[in-house]
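Input: a single structure, listed below in C-alpha cells.
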Amino acid sequence: MFNWAYARHMGGQLIFRIEDTDASRDSEKSYHALVATMRWLGLDWDEGPEVGGPNGPYRQSERSAIYTEVVQKLVSAGAAYESFSTPQESAERQQAAGRDSRLGYDNFDRELTDQQKASFRAEGREPVLRIRMPEEDIVWQDLVRGEVRSAAGSVPDFVIVRANGKPLYTFVNPLDDALMGVTHVLRGEDLLPSTPRQIALYEVLNKIGIGTGAPQFGHLPLVMGHGTKKLSKRDPEANFDTYIERGFVPEGMMNYLALLGWSLAADRDVFSPQEFIDAFDIKDVNSNPARFDLKKCEAINGDHIRLLAPDELAHRLARVLTAAGLLPADPTDSQLTILRSATPLVQERMITLDEAPSMLGFFYKADDEIDIADDARKTLREDSAAVLDASIPALVAVDEWEAQSIQQALRAALVDDLAIKPKFAFGPLRVAMSGRRISPPLFESMQILGRDSSLRRIAALRQSID
RNA sequence: GGCCCCAUCGUCUAGCGGUCUAGGACUCUGCCCUUUCACGGCAGCAACACGGGUUCGAACCCCGUUGGGGUCACCA
C-alpha cells in the first residue's frame, strides 16, 4: 500500500510481481485471493498480472527460462559456486570452532577442488549454488531508517539455486528488480537483514551486464497483533477476508492501515485515498513497529461509512442484505426504494456494513413474521397494551403519513393523554415495528413501512401480549 | 546466543534544541443532546523507559543500560 501511495504520489510506475517460486506453498487459489485483496483495497498497478507490461511475465513461476540463463552466466563469471555442505555439517563446524551453531553456513565450500566436488557427487550429493559475499562492509541509505551498515563477514554466502535446480526467492527477487528496472523498494523491516546480500547480488548482476546496481530501499515498520510478535500472513488477525466479510469498507481500511507508521497531520486522521496519495512521502514514515488496534480500525471505518454518499452506501448495503438472504440478488424497485429511504437512518449508527441485516432486516419482513426478541419483550410493561391500543386510532387519524406528523400524533395520544413517559410510550411501538429493543429512529421507520404495515405490526404485538 | 532495528499517554501518533505546565485520534469515565441505539458537542483520566554526557537550554543530539522487535532455511 505504501509502495502504491508512493508511486502514485511521485508519478512513478507500480510494478506488481508474484513471487511464487516455492511450488509447495503457492497455489492458483492463493494467487487469485491475493489479487482480489489488492483490488478490494483499491490498489492498482501499472505493470503486473492481469495488466501486463514490458517486463513480463510477472509471475516468477513463469520466468524459469530467464533464471536458468542468468544462473549460467553467474557460474561462468565465478560469482556463484557449488556448495555441498548440509545445514547440520555447517552447524557442527561452527560449534567445533567455538561459535554458535545458529550462525549457519560458514563459507566452507568456497574453494572446493574439482576432486572434492567429484567425491561429494560420488556420495550422491547434489550441490546448491551460492553467491560469494564481498569482503567489505555494505552500507546503504535507507529511505526510512537513514544509513544502515552491515559489517563485512557478517552475512554468509547464500543459496541462490536449490539442489534440484530451482531458484530461490533470495536470488530472483533482486534479479527481477534489476531486470524490471525497479528503482524503489518499500518492504517490511523483516527484510532488513537480508538487504546486504541482495545489494551484493545487484552488484554481481551489474558486472555481468544486468541492471544498474541496487534500487533505493525503505524498510517499513512491522505490524504486530494483540501479542508481541509480528502479524504473519497466516495469522487470523491478518486475514483480509475476515475484514471484508465483517463489512469494513476499503477506504476505511486503507485509511487505518496508512496510520500504522504514518500520519497525515498532527490533528487529523480521517482521509480519503486521494488525500493519502497527495500527502504521502516515504520520508515521513516512522520506523517503530505498530500494533493493529481493531477498535481504532472500527472507529475509522465508521467515519468512512458516514462520509459515503447515501446512494453509494445504499448500493453497498444492498449487496450485504442480499448476501444475508434478506434481499434477492436482483432487488425490486420497491425494495430499493425502502433501502434508499432507510440508509440515512443507519448511516450514522454503523461501524461496519455487516450490521445492516440486523439494523434493516425488519423492513423486509412480512408484518406477521416479526420475531420479538426476548430482551425486547422484557421491556414491555403493564401499560404497554394500553399504549398499543391508543396508538392505533391516533395513527389512523394522521393526515399526512410522514415522520413529523406521526410523532405529533403519538405524542399527543400517548405522552399527553395517557401521561406516559416517552421512553415507555414509544418503546412498545419500537418493539412492534422491529421486534427489537434497539432500532433505527421510530417515526422515520414507520413512515418507510407505511401506515398499513405499521398498524398491522402494532396489532400483531398487541395480540401476542394477552 | 551473534548480527541488526526500535523506544512519547493502554494503543496509533504530532513533535524534527527554546513556542512542551508535550498536541490529536482510538479506548475508558462523566455531562449535554435525545423516542432506543448511535452520531454530534463538552469535560476528564493518561506519556517523553532509565542513567550519563553535549548545550545557556534536550522529548528532540551523543554514549551506555534496560526493554521490545526482527533475523540467522535448499520459505518468502
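- With B:C37, B:C74, B:A14 as the choices, the nucleotide that has an atom nearest any side-chain atom of A:V159 turns out to be B:C74.
- Nearest to the side-chain atoms of A:K296 among the listed nucleotides B:U71, B:A25, B:U13 stands B:A25.
- Residues from residues 119-134 of chain A that place a heavy atom under 4.0 Å from any atom of RNA chain B, listed by number: A:V128, A:R130.
- B:G2 is paired with B:U71 under the Watson-Crick or G-U wobble criterion, all donor-acceptor distances under 3.5 Å.
- Pair assignment for B:U11 gives B:A25, based on Watson-Crick or G-U wobble hydrogen-bonding distances that are each under 3.5 Å.
- In this structure, the CG atom of A:D281 is 14 Å from the C1' atom of B:C16, given to the nearest Å.
- Judged by distance alone, the side chains of A:R93 and A:S85 do bring a donor and an acceptor atom under 3.5 Å apart.
- Summary of the strand contacts: A:F426 and A:S194 both lie near RNA chain B, and taking for each the nucleotide with the nearest heavy atom, the more 5' one is attributed to A:F426.
- Each of A:T21, A:D20, A:D176 was evaluated against A:Q60; a single residue qualifies, A:D176, per the side-chain hydrogen bond (donor to acceptor under 3.5 Å, both in side chains) test.
- In this structure, the CG atom of A:N301 is 20 Å from the P atom of B:C12, given to the nearest Å.
- Computed from coordinates, the A:L308 CG to B:C39 P distance equals 17 Å when rounded to whole Å.
- Note: A:F2 and A:F276 have tilted aromatic rings, judged against thresholds of 30 and 60 degrees for the angle between ring planes.
- For B:A76, the OP1/OP2 oxygens have a side-chain nitrogen or oxygen of A:T21 closer than 4.0 Å.
- Remark: A:R149 is not in phosphate contact with B:C4, judged by side-chain N or O atoms under 4.0 Å from OP1 or OP2.
- With rounding to whole Å, A:E444 atom CD is found 12 Å from B:U34 atom C1'.
- Place A:L168 and A:G427 on RNA chain B by their nearest nucleotides, and A:G427 ends up nearer the 5' end.
- For B:C50, the paired base is B:G64 (Watson-Crick or G-U wobble, both distances below 3.5 Å).
- Salt bridge A:D374/A:R377: absent, no basic N to carboxylate O contact under 4.0 Å.
- Checked against B:C5, B:C39, B:U35, the side chain of A:P422 finds its nearest nucleotide in B:U35.
- Here B:C5 is the nucleotide among B:C5, B:U35, B:U71 with the atom lying nearest to any side-chain atom of A:L192.
- Spacing between atom CG of A:N164 and atom P of B:C74 amounts to 13 Å, rounded to whole angstrom units.
- Residue A:F443 places its side chain closer to B:U35 than to any other of B:A76, B:G1, B:U35.
- Pair assignment for B:G30 gives B:C42, based on Watson-Crick or G-U wobble hydrogen-bonding distances that are each under 3.5 Å.
- Checking the phosphate oxygens (OP1, OP2) of B:A76, a side-chain nitrogen or oxygen of A:R162 falls inside 4.0 Å.
- When distances run from any side-chain atom of A:L103 to the nucleotides B:U11, B:G1, B:U8, the shortest one goes to B:G1.
- Picking from B:G24, B:A76, B:U11 the nucleotide with the shortest atom distance to the side chain of A:T170 gives B:A76.
- When distances are taken from the side chain of A:E348 to each of B:A38, B:G2, B:C12, the shortest belongs to B:A38.
- A straight line from CD of A:E89 to P of B:A73 spans 15 Å, rounded to a whole angstrom.
- Between A:E355 and A:R349, no side-chain nitrogen of the basic residue sits less than 4.0 Å from a carboxylate oxygen of the acidic one, so the salt-bridge criterion is not met.
- OP1 or OP2 of B:A14 sits under 4.0 Å from a side-chain N or O of A:S263.
- Side-chain contact annotation: A:S391 with A:R462, donor-acceptor N/O pair under 3.5 Å absent.
- Rounded to whole angstrom, the span from the NZ atom of A:K229 across to the P atom of B:G67 amounts to 14 Å.
- Nearest nucleotide to the A:A266 side chain, out of B:C4, B:U35, B:A14: B:A14.
- The phosphate of B:C16 (OP1 or OP2) has no side-chain N or O of A:N286 nearer than 4.0 angstrom.
- Between A:K295 and B:C12 there is no side-chain N or O to OP1 or OP2 distance below 4.0 Å.
- Closest to the side chain of A:R349, out of B:U36, B:U35, B:A25, is B:U36.
- Looking at heavy-atom distances under 4.0 Å, A:P441 makes contact with a base.
- Side-chain atoms of A:Y202 and A:D177 form a donor-acceptor pair, as typed in the model, at a separation below 3.5 Å.
- Among residue pairs with one or both ends in residues 415-424 of chain A, none qualify as salt bridge (charged side-chain N to carboxylate O under 4.0 Å, His left out); sequence neighbours excluded.
- The nearest whole Å value for the distance from the NZ atom in A:K230 to the P atom in B:A76 is 14 Å.
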